[in-house]
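A short write-up of the structure that comes next.
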Protein chains: 2
Amino acid sequence: MSKKFSLGDVETALSPRERFEEYLHSKKMRFTQERKLLVEHVFARHEHFDANSLLDDLTANVERKHRPSRPTVYRTLGELVEAGLLRKFELDGRAVFEHDYGYPPHDHLYCTKCESLIEFHSDDLLELRNRVAQEHGFRVAGHLLIIQGVCAECSQAKRRAKRKQDLL
Amino acid sequence: MSKKFSLGDVETALSPRERFEEYLHSKKMRFTQERKLLVEHVFARHEHFDANSLLDDLTANVERKHRPSRPTVYRTLGELVEAGLLRKFELDGRAVFEHDYGYPPHDHLYCTKCESLIEFHSDDLLELRNRVAQEHGFRVAGHLLIIQGVCAECSQAKRRAKRKQDLL
DNA sequence: ATCATTGCAAAAGATTTGCAAGGTC
DNA sequence: GACCTTGCAAATCTTTTGCAATGAT
């Protein structure tokens, strides 16, 4: 919360909002009301979301007058990804976002029944990834791993339902 | 090429076309000219493709009269995936397909410069995947791993370009 | 002959863009 | 005041769908 944008603060742990401000400043872009509202809204809860759910969320919680429009939401999400604050990946044909800034790297288990994303971290995976890349003279920028299947809860639910049916 | 659809042939190594015929038969669907042309065309070369490149390909190599339309291409690609002949994943917002039937499982290195996909296989990855899933009581159906970065060729090209520039 | 499949045109869903009006530095 | 942003409407891109005509068994 101290003074911003001085060189010495670069190493400091800035809030997402401050980090975004800094990024925008460096690109000679403006920290508008809309962008401010969006960063804060996006970082208020740690949760995966897509453009539509964010829009719905805004529609439900922000008065029309200050509510960013759909194009602005898309444009700002792009900037947040560019700024390194959000990570973006694709799921079922639409873009999904999650916090990146200040959040440890991880991958996902994706339940195709309830569509939930479960996070996990694996150092072994990173090693494996780097080793494979090295073997191909490939310079790694990142990766995307999604393990698809059915989560414990959905499996249980199915089993319960089946047993129930068997009893009839 | 011997008699098809008899129970004894299920274990036999069928050609993609034969496999598709069998699948269609089992679902009481018809093996039309369009479907025939598409399976054979798709399996003529081992290469990643999307609906549009396939359509372009067809436009360039098949006379209008016998050329499957866009909706038919989409519908048939869906059936080929369903039949287990093709694998589908998303890249840059559109669906990409590759051979699955008779082809060993693998993952990809994706070069963001030239957009090429390089295949690799890792048993360690499968073990890691299964272990992680088990730890979460997750029933695995499959996974998607794409390592993003810059391939050897593009790195070289860049280096050459840079050296060339440095010489000016 | 019956019923699946095709092509066309149009729809749908996600995301992007041109441009005039409005906001920020 | 200069210039970036926004919102609106419309465009784009990819994929899907309704339906009448056509084709496979």
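Throughout, protein chains are lettered first and strands after them, A, B, ... in sequence-line order, and every chain is numbered starting at 1.
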Next item on the list: Before giving the answer on ring pair (Phe, Tyr, Trp, His ring centres under 6.0 Å), spell out for His106(B) and Tyr103(B) the whole-Å C-alpha distance, their side-chain angles and the decisive distance to 0.1 Å.
Entry: CA-CA 9 Å; His106(B) 60 271; Tyr103(B) 201 74; 5.3 Å; yes
Next item on the list: Quickly work out the Leu91(A) CG to dA14(C) P distance and round it to whole Å.
Entry: 13 Å
Item checked: Atom pair distance, as rounded to whole Å: CG in Asp92(A) and P in dT15(C) -> 12 Å
Check: Any side-chain donor-acceptor pair under 3.5 Å between Asn61(B) and His41(B)?
Finding: no
Checklist line | Close residues, residues 35-66 of chain B, relative to DNA chain C [heavy-atom separation under 4.0 Å] | finding: Arg35(B)
Checklist line | Check: Ile147(B) and Phe120(B) side chains under 4.5 Å, non-hydrogen atoms | finding: yes
Item checked: Whole-Å gap separating P (dT15(C)) and CZ (Arg94(B)) -> 16 Å
Check: How about Gln134(A): does its CD atom have over 12 heavy atoms from other parts shown lying under 6.0 Å from it?
Finding: no
Next item on the list: Classify every nucleotide of nucleotides 17-25 of chain C by which part a protein heavy atom approaches to under 4.0 Å, writing B for the base, S for the sugar-phosphate alone and - for neither, in 5'-to-3' order.
Entry: BB----BBS
Check: Are Tyr74(A) and dT16(C) close enough that a side-chain N or O sits under 4.0 Å from OP1 or OP2?
Finding: no
Check: To the nearest 0.5 Å, what is the distance between CG (Leu37(B)) and OG1 (Thr72(B))?
Finding: 11.5 Å
Check: If you round to the nearest 0.5 Å, how far is CG of Leu86(B) from NE2 of His99(B)?
Finding: 6.5 Å
Margin query: In whole Å, I'd like the distance from the NZ atom of Lys27(A) to the C1' atom of dT5(D).
Written below: 15 Å
Check: Would you say the side-chain atoms of Glu90(B) pair up with the backbone N or O of Gly93(A), donor to acceptor, closer than 3.5 Å?
Finding: yes
Check: Taking NZ, NE, NH1 and NH2 as the nitrogens, is one of them in Arg131(B) or Asp124(A) under 4.0 Å from a carboxylate oxygen of the other?
Finding: yes
Check: For DNA chain C, which ranges pair as stems of 3 or more consecutive Watson-Crick or G-U pairs, with both donor-acceptor distances under 3.5 Å?
Finding: C:1-25 with D:1-25
Check: Would you say Leu144(B) and Phe97(B) are hydrophobically clustered, going by side-chain heavy atoms of ILVMFWY under 4.5 Å?
Finding: no
Checklist line | Under-4.0 Å salt bridge between Glu21(A) and Arg17(A) | finding: yes
Notebook entry, point to check: Looking at Arg45(B) and Asp57(B), does any basic side-chain N land under 4.0 Å from a carboxylate oxygen?
Noted result: yes
Note to self: Expressed as a whole number of angstroms, how long is the span from Phe97(A):CZ to dT15(C):P?
What the structure shows: 7 Å
Checklist line | Below 4.0 Å: OP1/OP2 of dT6(D) and any side-chain N or O of Ser69(A) | finding: no
Next item on the list: For Thr76(B) and for Ala95(A), find the nucleotide of DNA chain C with the closest heavy atom, then tell me which residue's nucleotide is more 5'.
Entry: Thr76(B)
Check: CZ of Arg70(A) versus P of dA9(D): gap in Å, rounded?
Finding: 13 Å
Check: Once you round it to whole Å, what is the distance between P of dT16(C) and CD of Glu82(A)?
Finding: 13 Å
